[in-house]
Number of protein chains: 2
Amino acid sequence: MTNQSQIAVKIVLDLWNSRVKATNEIFDKLTDEQLMQEIAPGRNRGIYLLGHLTAVHDRMLPLLNFEKQMYPQLDEPFLAKPDKAVAEIPSVAELRGYWKTVNEKLAAHYSSLQVDEWFQRHTSVSEEDFAKEPHRNRLNIVAGRTVHLASHIGQLALIK
Amino acid sequence: MTNQSQIAVKIVLDLWNSRVKATNEIFDKLTDEQLMQEIAPGRNRGIYLLGHLTAVHDRMLPLLNFEKQMYPQLDEPFLAKPDKAVAEIPSVAELRGYWKTVNEKLAAHYSSLQVDEWFQRHTSVSEEDFAKEPHRNRLNIVAGRTVHLASHIGQLALIK
């Protein structure tokens, strides 16, 4: 008999996996040149979204209490600053590699967690606050980041 | 003591509510004329996404076993057919009203459900299949539709 917490975790992880897969299919289909294009006139370039998503997922490693962030050098050009504000950024090829590595790391950690561990607090909430707001757990982070990823998939799909 | 199923339901409903709110803020900011524009050259118009999201949410009413779909006339122009394929479609003003009504209906039904009822099957899965795949429940539908909504929010945000 499957219990409800286990089912809820499966729902969130299935959605995460399906959206990462959909994103990979889009990135795989786009050439490096296409990723240098803007998603719409005057908007972010594909390379910026690739770097941005990689940085956001990379920061999930410490947020979920798994391990240290792998590529802190992405924070400035892809989180703190808008597209085209930083002159020196990694190449599309480098970012493609980082993106793959970060998601593989996350997947390995996910698969090692027991159901109860998904309901443990994430590292940006204190123990005191977590006692009052027990929904601020790891599962919440993955659900929220899946929604974040989806919003950018809708944009990446516009690159021709 | 809050249990895990209750926490998981809150996580999904909080995300749904925050994304519907974000969408409403975008629609409220855009004029009817702006919603007649394409999100990017050669892509869907704002009015199509408004109709599409309304139709998808409307169909959640029977899918979640709440009540009949309210606006079946939206299926053809906004689900079966792509943008600009159907000449006669409702006005932006009409669609804005339908969008609001459908989401209010859903919210009223959501608030009447007990936690256990979120883990009941949705109406497009048979009892036999549900016994084997208990994650095909109401909560799964709302989580999936939140991700769907997010993907279009990312596009609506591009309208200038």
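Below, chain A is the first sequence line, B the second, and so on; all start at residue 1.
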Single-linkage hydrophobic cluster B:Phe119~B:Ile7, side-chain heavy atoms < 4.5 angstrom: yes

A:Arg136, part contacting chain B, at a heavy-atom distance under 4.5 Å: neither

hydrophobic_cluster_shared for A:Ile89 and A:Met36, side chain cutoff 4.5 Å: yes

Hydrophobic cluster identity match, A:Phe130 and A:Leu113, side-chain contacts under 4.5 Å: no

ILVMFWY cluster, A:Leu63 and B:Leu15 together (side-chain gap under 4.5 Å): no

Atom CD of B:Glu127: over 12 foreign heavy atoms under 6.0 Å: no

CD-CD1 distance between A:Gln155 and B:Ile39, expressed to the nearest 0.5 angstrom: 9.0 Å

A:Ser5 side, atom OG; B:Asn3 side, atom CG - distance, nearest 0.5 Å: 7.5 Å

A:Leu158 to B:Arg43 - nearest heavy-atom pair and separation: O-NH2, 3.0 Å

Any B:Asn137 side-chain heavy atom under 4.5 Å of A:Ile11 side chain: yes

Region of B:Leu156 in contact with chain A, defined by heavy-atom distances below 4.5 Å: neither

Euclidean distance, A:Asn140 CG relative to B:Asp14 CG, rounded to 0.5 Å: 7.5 Å

Hydrophobic cluster identity match, A:Phe78 and A:Val86, side-chain contacts under 4.5 Å: yes

Interface moiety of A:His135 toward chain B, non-hydrogen atoms closer than 4.5 Å: both

Other residues, nucleotides, ligands: >12 heavy atoms within 6.0 Å of A:Gln114 CD: no

A:Lys29 NZ: over 12 foreign heavy atoms closer than 6.0 Å: no

Contact summary for B:Ala150 and A:Val147, nearest pair of heavy atoms: CB-O, 3.5 Å

A:Ile141 portion near chain B, given a 4.5 angstrom heavy-atom threshold: neither

Proximal component of A:Asp116, with respect to chain B [non-hydrogen, under 4.5 Å]: both

